[in-house]
S.K.: 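Sharing a structure with you now.
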Amino acid sequence: MSSAPPPPADRRPRATDAPLRIMTWNVWWRFGDWRARREAVLAVLRAEQPDVVGLQEVWADDDENLAEWLAERLGFHAAWSPSPAPDRWRRRLRQHGDESAESLQFGNAVLSRWPFLRTDVLELPAGGHEDEGRTALQVLVDAPRRPLPFTTTHLNSSPAESAVRVAQVRELVPFVARTRAKGTHYPPVLTGDFNAVAESDELRLCHGYLTAGPVPGFVLVDSWRFADPADPGFTWDRRNPFVARIHQPDARIDHVLVGLAPFTGEGSVLDVRRVAVDPVDGVWASDHTAVLVDLQA
């Protein structure tokens, strides 16, 4: 993990009553025309102006790290968690004729307008399947009013591996719950590409309100419950040509989950929507759309 010192001149002014703007986005590692795509990713981030971003499928090599590249241009801080088992991803690039895959790392990252007070990483279980090197990256953000506990993750991807994801959630939720600090922190936020829909066993377990969760009394609210009911929220959307070629159905698999807010409302969901739903100057930034959530500051 590393932190990039932000150039203060690049920071946008922030009103004291502005909400906390949270984003999660799977940026599709280094597939396709990644140089054009990373410019599109940067354009979306500049346009939407999030405060804290959880990124999945972040790439790094000996010369450059995508999270740090973005942070430098946004004036943000960056934390990075490489996968301990990147071989599966390197094989996928080699199958497409990219011999640079041998030196590439794969992982999760967090970008933040404010510095980090703490960072930590949890390695997730493989559940008896091939170890895909899945992790969760947790940071404590030094937000202006109080610290924000923020975690981003990326669970196993196969539609047939719900049982693996359930095992991963059983370790992930206690990792998130330990950041609770009543009255001193915002409610914890968990973001990521769960590769699972909200109705799945793994997400029900993660939420803790339709199925008893791994931590008694701890609930994570699906922020999309506050969205326009007419919007299905597909983050895996066949409108995107990178998705259409996979021949799988549309799905909402990228989530922002938020701990229960106090009665005063700090950290409660004000608004939620998808972003990066269209190409930027003809370039699809990723095969996933992003989810953007405004929380009460």
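From a predicted model like this one, the values you see are computed outputs, not experimental measurements.
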S.K.: Give the C-alpha distance, both sets of side-chain angles, the deciding distance and a yes or no for side chain to side chain contact (heavy atoms under 4.5 Å, CB included) between Val53 and Thr24.
M.R.: CA-CA 6 Å; Val53 185; Thr24 190; over 6 Å; no
S.K.: Determine whether Thr151 and Phe175 satisfy the following criterion, side chain to side chain contact (heavy atoms under 4.5 Å, CB included), listing intermediate values before the conclusion.
M.R.: CA-CA 9 Å; Thr151 303; Phe175 183 64; 4.2 Å; yes
S.K.: Under a 3.5 Å threshold, yes or no: a donor from one side chain and an acceptor from the other, between Asn108 and His154?
M.R.: no
S.K.: Any salt bridge between Arg239 and Asp278, counting N to O under 4.0 Å?
M.R.: yes
S.K.: What heavy-atom pair brings Gly259 and Pro187 nearest, and what distance separates the two atoms?
M.R.: O-CB, 3.4 Å
S.K.: Is Arg21 reaching over with its side chain to a backbone N or O of Val293, donor-acceptor style, under 3.5 angstrom?
M.R.: no
S.K.: Are Leu70 and Leu55 side-chain neighbours, meaning at least one heavy-atom pair lies under 4.5 Å?
M.R.: yes
S.K.: Is it true that a side-chain atom of Trp25 and a backbone atom of His288 form a donor plus acceptor pair closer than 3.5 Å?
M.R.: yes
S.K.: With rounding to the nearest 0.5 Å, note down the distance linking CZ in Phe226 to CG in Leu295.
M.R.: 10.0 Å
S.K.: Hydrophobic cluster membership, with links at side-chain heavy-atom distances under 4.5 Å among I/L/V/M/F/W/Y: are Val169 and Val189 in one?
M.R.: no
S.K.: Quick check on the hydrophobic clustering: are Leu260 and Val272 connected, directly or via other members, by side-chain heavy-atom contacts under 4.5 Å?
M.R.: yes
S.K.: Taking Val256's backbone N and O only, do any of them form a donor-acceptor pair with Ser223's side chain (distance below 3.5 Å, no angle check)?
M.R.: yes
S.K.: Look up atom OG in Ser286 and atom CZ in Arg38, then write down how far apart they are to the nearest 0.5 Å.
M.R.: 15.5 Å
S.K.: Taking the six-membered ring of Phe76 (Phe, Tyr or Trp), confirm whether the NZ or CZ of Arg113 is under 6.0 Å from its centre and within 45° of its axis.
M.R.: no
S.K.: Look up atom CG in Leu203 and atom CG in Leu257, then write down how far apart they are to the nearest 0.5 Å.
M.R.: 6.5 Å
S.K.: With a 4.0 Å cut-off, would you call Glu202 and Arg170 a salt bridge?
M.R.: no
S.K.: Do any N or O atoms from the side chain of Glu266 and from the backbone of His185 form a donor-acceptor pair under 3.5 angstrom?
M.R.: no
S.K.: Just by distance, no angles: are the side chains of Asp287 and Trp28 close enough, under 3.5 Å, to form a donor-acceptor pair?
M.R.: yes
S.K.: Look only at the side chain of Trp284 and the backbone of Ala276, and say whether a donor-acceptor pair between them is shorter than 3.5 Å.
M.R.: no
S.K.: Using a 3.5 Å distance criterion without hydrogens, assess whether the side chain of Thr289 forms a donor-acceptor pair with backbone atoms of Arg274.
M.R.: no
S.K.: Are any of the side-chain nitrogens in Asp201 or Arg165 under 4.0 Å away from the carboxylate oxygens of its partner?
M.R.: no
S.K.: Ion pair present between Asp61 and Arg30, side-chain N to carboxylate O less than 4.0 angstrom?
M.R.: yes
S.K.: Using the side chain to side chain contact (heavy atoms under 4.5 Å, CB included) criterion, which residues pair with Thr179? Sequence neighbours excluded.
M.R.: Arg118, Gln138, Pro149, Pro188
S.K.: Rounded to the nearest 0.5 Å, what's the gap from CZ on Phe106 to CH2 on Trp29? Could you check?
M.R.: 7.5 Å
S.K.: Would Asp51 and Ser112 count as having a side-chain donor-acceptor pair, cut-off 3.5 Å?
M.R.: no
S.K.: Do Asp193 and Gln56 have a side chain donor and acceptor closer than 3.5 Å?
M.R.: no
S.K.: Is any side-chain heavy atom of Val291 closer than 4.5 Å to a side-chain heavy atom of Val275?
M.R.: no
S.K.: Before accepting this row, confirm whether a basic side-chain N of the pair Arg178/Asp120 lies closer than 4.0 Å to the acidic partner's carboxylate O.
M.R.: yes
S.K.: Side chains of Asn156 and Glu161: donor-acceptor distance under 3.5 Å anywhere?
M.R.: yes
S.K.: Side chains of Thr152 and Thr191: do they bring a donor and an acceptor to under 3.5 Å?
M.R.: yes
S.K.: Does Val41 belong to the same Ile/Leu/Val/Met/Phe/Trp/Tyr cluster as Trp236, with side-chain heavy atoms less than 4.5 Å apart forming each link?
M.R.: no
S.K.: Taking only residues two or more places apart in sequence, or in another chain, which ones meet Phe218 in a ring pair (Phe, Tyr, Trp, His ring centres under 6.0 Å)?
M.R.: none
S.K.: Hey, are Arg204 and Glu199 close enough for a salt bridge, meaning a charged N less than 4.0 Å from a carboxylate O?
M.R.: no
S.K.: Which residues pass the ring pair (Phe, Tyr, Trp, His ring centres under 6.0 Å) test with Trp224, sequence neighbours left out?
M.R.: none
S.K.: Check whether Asn195 reaches the backbone of Ile253 with its side chain - one donor and one acceptor, N or O, closer than 3.5 Å.
M.R.: no
S.K.: Please report the shortest heavy-atom distance between Ala261 and Gly267, naming the atom on each side.
M.R.: CB-C, 4.2 Å
S.K.: Flag yes if more than 12 heavy atoms outside Glu123 fall under 6.0 Å of its CD atom; otherwise flag no.
M.R.: no
S.K.: Any side-chain heavy-atom pair from Leu124 and Leu155 closer than 4.5 angstrom?
M.R.: yes
S.K.: Backbone N or O of Arg134 within a donor-acceptor pair of the Ser83 side chain at under 3.5 Å?
M.R.: no
S.K.: Would you name the heavy atoms of Asp142 and Trp114 that are closest together and state the gap between them?
M.R.: O-CB, 3.4 Å
S.K.: Of the non-hydrogen atoms in Ala85 and Asp131, which two are nearest, and what is the gap between them?
M.R.: CB-O, 3.8 Å
S.K.: Verify side chain to side chain contact (heavy atoms under 4.5 Å, CB included) between Phe150 and Val110, making sure each step is shown before the conclusion.
M.R.: CA-CA 9 Å; Phe150 185 95; Val110 177; 4.0 Å; yes
S.K.: Mind checking whether Leu292 and Leu111 sit in one hydrophobic cluster, side chains of I, L, V, M, F, W, Y counted as touching below 4.5 Å?
M.R.: yes
S.K.: Examine distances only and state if a side-chain atom of His247 and a backbone atom of Arg245 form a donor-acceptor pair shorter than 3.5 Å.
M.R.: yes
S.K.: First locate atom CG of Leu270, then atom CD of Gln296, and finally report the distance between them rounded to the nearest 0.5 Å.
M.R.: 5.5 Å
S.K.: Less than 6.0 angstrom from the centroid, inside 45 degrees of the normal: does Arg37 satisfy that with respect to the ring of Trp34?
M.R.: no
S.K.: With clusters defined by side-chain heavy atoms of hydrophobic residues (ILVMFWY) lying less than 4.5 Å apart, directly or transitively, does Phe194 cluster with Ile22?
M.R.: no
S.K.: Using side chain to side chain contact (heavy atoms under 4.5 Å, CB included), reason through Thr153 and Leu172 one step at a time and then give a plain yes or no.
M.R.: CA-CA 9 Å; Thr153 193; Leu172 175 62; 3.8 Å; yes
S.K.: Could you check if a side-chain atom of Val283 sits within less than 4.5 angstrom of a side-chain atom of Glu39, using non-hydrogen atoms only?
M.R.: no
S.K.: Working to the nearest 0.5 Å, report the span between CG of Asp231 and CZ of Arg273.
M.R.: 11.5 Å
S.K.: Check for a donor-acceptor pair, side chain of Arg225 on one end and backbone N or O of Asp222 on the other, with a separation under 3.5 Å.
M.R.: no
